[in-house]
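A short write-up of the structure that comes next.
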Amino acid sequence: MFTKPDPALAERIYIAVLQVRVGAVATYGEIAAVVGGGIEAREVGYALGDLPATRQTAVPWQRVVARDGAISTRGTSQRVLLEGEGVAFDETGRVIMARHAWRGPDSDWAIAHGFHTLSDKGERGEQLLLL
DNA sequence: CAGATGACTCCCA
DNA sequence: CTGGGAGCCATCT
C-alpha cells in the first residue's frame with residue numbers, strides 16, 4: 001500500500017518523526033519500519049505531505065529524506081533547515097548519511113509506545129555499527 | 001468514468 | 001553516475 005494513510009496512521013508517522021533528534025536524518029523507509037503495520041516509504045511521504053502548515057514547526061519533517069540522502073521535496077527550504085541544525089551535504093546536494101544517519105528511536109520508548117526500532121528489522125544495522 | 005498524479009525505492013540499461 | 005520503468009492505489013481533474 002502506498003496511498004494517503006488514514007489520520008490515525010498519519011499521527012503515528014508524525015510521532016515517529018518526532019523521535020529523530022536534531023542533527024540526524026531518517027529515511028522515509030526507516031520511519032515506515034519504525035511505525036510498522038506494513039506501511040511503505042511512500043505512505044510516510046504522503047503523510048508528511050499532508051502535514052498541516054500549523055504543525056510543520058512542531059514536526060521535524062525536514063529530517064526525513066530519501067534513501068540516498070537526496071531531498072526530493074518541492075521546496076528548497078528543507079536543505080536550509082537541515083543546515084541550520086548542523087547537517088552536512090555533499091557536492092551533489094545529498095545529506096552525508098554516513099555521518100547523520102538516524103539510529104532509530106530510543107528502545108525503551110519504542111517498546112512503551114508500540115513502535116519498532118531499526119535493529120528490530122535488521123535494517124541498516126550493520127552500517128550503523130560502522131559509526 | 002478514464003487518466004494523471006504523487007515528501008519512495010529498487011533494479012536494470 | 002544518470003535515467004527510466006515497475007510496484008501499487010486513493011484522490012483529484
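Letters A, B, ... mirror the listed sequences (proteins, then strands); counts begin at 1. Owing to the predicted nature of the structure, the values given are computational and were not obtained by experimental measurement.
The six-membered or imidazole ring of A/Trp109 lies near that of A/Phe115, with a centre-to-centre distance under 6.0 Å.
Spacing between B/dC10 and C/dA10 at atom C1', rounded to whole Å, works out to 23 Å. Taking atom P on both nucleotides, B/dA4 is separated from C/dG5 by 14 Å, rounded to a whole Å.
Nucleotide B/dC11 holds its C1' atom 14 Å from the CZ atom of A/Arg67, rounded to whole Å. Atom CD in A/Glu30 sits roughly 11 Å away from atom P in B/dC10 (whole-Å rounding). A straight line from CD of A/Glu43 to P of C/dG7 spans 18 Å, rounded to a whole angstrom. Whole-Å rounding puts the A/Ile13 CD1 to B/dC8 C1' distance at 13 Å. Regarding A/Trp61, its CH2 atom lies at a distance of 13 Å from the P atom of B/dC8, rounded to whole Å. Remark: P of C/dC9 and OH of A/Tyr46 are 12 Å apart, rounded to the nearest angstrom. Taking atom CG of residue A/Asp68 and atom P of nucleotide B/dT9, one finds them 8 Å apart after rounding to whole Å. Put simply, CG on A/Asp90 is 13 Å from C1' on C/dC1, counting in whole angstrom units.
Ranking B/dC8, B/dA7, B/dC10 by closeness to the A/Ala41 side chain, first place goes to B/dC8.
Put simply, A/Arg42 has no side-chain N or O that comes within less than 4.0 Å of OP1 or OP2 on B/dA7.
Salt bridge A/Glu85/A/Arg63: present, at least one basic N to carboxylate O contact under 4.0 Å.
Remark: of the listed residues A/Ile96, A/Val20, A/Val95, A/Val64, A/Val95 is the sole one forming a side-chain contact (heavy atoms from CB on, under 4.5 Å) with A/Val25.
The distance from atom CD1 of A/Ile111 to atom OG1 of A/Thr117, rounded to the nearest 0.5 Å, is 7.5 Å.
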